[in-house]
Amino acid sequence: MLQQLKCRSEKLFAKLTEADTTQTSGHQQTRTCQSMAKPSSSPKTSRSGSKTPKSRSSIDFNSVPLIALNMGVRKKFSLYLNPETSVAANWMALAEEMGFDYLEIKNYEREENPTMKILEDWQARCTKGGSVGLLLDFLRKIERDDILTDLSRLIEEDCRKYFEREKLEKMEMQKKKNQPVQVHTVDSSDIRTPELQGITTRDDPAGGMPELFDAFICYCRADISFVHEMIKQLEQSSFRLKLCVFDRDVLPGTCVWTITSELIEKRCKRMVVVISDDYLDSDECDFQTKFALSLCPGARQKRLIPVKYKSMKKTFPSILRFITVCDYTNECTKAWFWTRLAKALSLP
């Protein structure tokens, strides 16, 4: 009986030893397989760097604004970050890294595409619009290297396209900067069109030297009598000035506004405005006065000289109040009137 129990004990011990050996061997084999299957560690990238995993790109992503990323890449970010999973960080973790607070993140939950929205808002709130490199750093911090690996090629393509556009825009700006504002062939200072040749009675019909004047007389038809007096006192006297009187000097058959502008701007050194109640009702006088003022704002060149030759019932024109007036109605200074006016028109 004792002998039988001893034999059973030896057999049981042998089985236990064999099972323990098999289990130990299995564990060793499993560890060996896991060691063989474990991927080799890739070089670590510093948090401050902006290279994507497994990327040999020479692009400095920190210098690329977020606006460089097109809709295609942003939609792919959404596909990775919008789903709520317990395995990987989603858009909420990215929003926290970007500096959004709790209430802002809760509001983003109502958005159909929260990832797209936080990218737009982060881009808007950053001083320089955020950078691609900073976004990549955020993704590393929330351990979403899978996004960097899968989208690295698309991100690089968008960044390269952005730099190409920037280069083209700079070249265009440099080209425009080097171009003259107005080339010689379209210089408005030269009279080239037939319409502006032969417009006065003494113009050269062959298109030679145009007739020039000391002053253009802006007047209303009702004041023509005073214009005749001006011709007598300024032209037919020792002053020998040359006045441009529209009804006397301009040939018929031309556009009134075009010819008037040409005479005031290029052929006459000054303009005398005959002020009266009738002047205030004349559209032609209003145009001529405002055009002359536009050529010399503030009357810095003494280009426009108002003349009041009779008393007025209406208010004096407000646009001429700041300019010194030659007053023919003042009996105390009437004796000096023509001399003062002639000397003002004789200035270079």
Side-chain angles (χ1 to χ4, degrees), residues 34 37-174 176:
Q34 290 177 348
K38 186 177 181 180
S40 58
S41 59
S42 57
K44 294 183 180 179
T45 306
S46 62
R47 291 186 182 273
S48 60
S50 57
K51 305 292 185 182
T52 58
K54 301 181 180 179
S55 173
R56 301 299 183 207
S57 173
S58 59
I59 298 176
D60 179 14
F61 292 106
N62 288 320
S63 65
V64 184
L66 194 65
I67 196 174
L69 297 183
N70 291 323
M71 291 300 296
V73 172
R74 294 174 185 244
K75 287 181 179 180
K76 290 188 180 296
F77 275 132
S78 300
L79 293 176
Y80 281 92
L81 294 170
N82 280 346
E84 295 185 9
T85 62
S86 58
V87 179
N90 62 359
W91 62 270
M92 293 184 182
L94 179 60
E96 287 185 1
E97 289 293 335
M98 288 179 170
F100 293 98
D101 58 34
Y102 172 77
L103 292 178
E104 289 175 320
I105 295 174
K106 290 295 291 183
N107 288 332
Y108 286 131
E109 288 183 339
R110 305 173 185 173
E111 298 289 336
E112 182 179 354
N113 191 339
T115 301
M116 187 77 73
K117 183 63 176 173
I118 64 171
L119 289 176
E120 293 175 358
D121 290 354
W122 181 66
Q123 177 180 318
R125 71 163 52 181
C126 288
T127 307
K128 297 183 179 180
S131 68
V132 175
L134 191 55
L135 174 62
L136 301 184
D137 287 342
F138 289 153
L139 292 173
R140 291 190 189 92
K141 288 179 181 179
I142 63 175
E143 298 180 353
R144 291 306 303 265
D145 290 338
D146 57 319
I147 300 177
L148 304 180
T149 303
D150 295 345
L151 302 184
S152 61
R153 183 180 59 82
L154 297 177
I155 294 172
E156 288 184 18
E157 286 181 3
D158 280 356
C159 293
R160 292 186 190 281
K161 290 178 182 178
Y162 171 80
F163 282 129
E164 290 174 2
R165 289 194 302 268
E166 285 283 298
K167 185 177 180 181
L168 290 175
E169 289 177 3
K170 289 181 180 179
M171 291 174 63
E172 288 294 327
M173 290 179 62
Q174 187 66 30
K176 290 180 180 179

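Hydrogens, waters and symmetry mates play no part in the numbers below; they use all other heavy atoms, side chains included. On a predicted model such as this, the values are computed, not experimentally measured, just so you know.
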query: Do Met71 and Met116 pass the side chain to side chain contact (heavy atoms under 4.5 Å, CB included) test, and can you show the C-alpha distance, the side-chain angles, and the key distance before you say yes or no?
result: CA-CA 9 Å; Met71 291 300 296; Met116 187 77 73; 3.7 Å; yes
task: Could you walk me through whether Glu97 and Arg140 pass the salt bridge (charged side-chain N to carboxylate O under 4.0 Å, His left out) test, one step at a time?
output: CA-CA 11 Å; Glu97 289 293 335; Arg140 291 190 189 92; over 6 Å; no
task: Test Val64 against Phe163 for side chain to side chain contact (heavy atoms under 4.5 Å, CB included), laying out the working first.
output: CA-CA 8 Å; Val64 184; Phe163 282 129; 3.4 Å; yes
query: Between Leu134 and Trp122, is a side chain to side chain contact (heavy atoms under 4.5 Å, CB included) present by the stated rule, with each step listed?
result: CA-CA 11 Å; Leu134 191 55; Trp122 181 66; 3.5 Å; yes
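Checked by atom type, the side-chain pair Asn82/Asn90 shows no donor-acceptor distance below 3.5 Å.
Between Tyr162 and Lys167, every side-chain heavy-atom pair lies at or beyond the 4.5 Å cut-off. Using a 4.5 Å heavy-atom cutoff, the side chains of Trp91 and Ile105 are in contact. In this structure, the side chains of Phe77 and Leu139 come closer than 4.5 Å at one or more pairs of heavy atoms. Side-chain contact check for Met98 versus Leu135: some heavy-atom pair is nearer than 4.5 Å. Contact annotation: the side chain of Ser131 never approaches that of Leu66 to less than 4.5 Å [non-hydrogen atoms, C-beta and beyond]. Using a 4.5 Å heavy-atom threshold, the side chains of Leu136 and Val132 count as touching. You'll find the side chain of Met92 stays beyond 4.5 Å of the side chain of Leu81, heavy atoms only.
Comment: Glu157 engages Arg153 in a salt bridge, judged by a side-chain N to carboxylate O separation of less than 4.0 angstrom. Lys161 has no carboxylate O lying under 4.0 Å from a charged side-chain N of Glu156, or vice versa, which leaves the two without a salt bridge. Between Asp121 and Lys117, at least one side-chain nitrogen of the basic residue sits less than 4.0 Å from a carboxylate oxygen of the acidic one, meeting the salt-bridge criterion.
Each of Ile155, Thr149, Leu148 was evaluated against Leu151; a single residue qualifies, Ile155, per the side-chain contact (heavy atoms from CB on, under 4.5 Å) test.
Once rounded to the nearest 0.5 Å, the distance linking CD1 of Ile67 with CD of Glu120 reads 11.0 Å. Taking CD of Glu111 as the reference point, atom CD1 of Ile118 lies at 11.0 Å (rounded to 0.5 Å).
The minimum heavy-atom distance between Arg144 and Ala88, with the atom names listed, is NH1-CB, 3.7 Å. Of all heavy-atom pairs between Ile59 and Cys159, the closest is CD1-CB, 4.0 Å. Here the closest heavy-atom approach between residue Asn70 and residue Asp158 is recorded as N-OD2, 3.1 Å. Considering all non-hydrogen atoms of both residues, Pro83 and Ser78 come closest at CD-O, 3.8 Å. Minimum interatomic distance between Arg74 and Leu69 (heavy atoms only, all atoms of both residues): NE-O, 2.8 Å.
The neighbour count for Glu109 CD, taken as heavy atoms of other residues, nucleotides or ligands under 6.0 Å away, is above 12.
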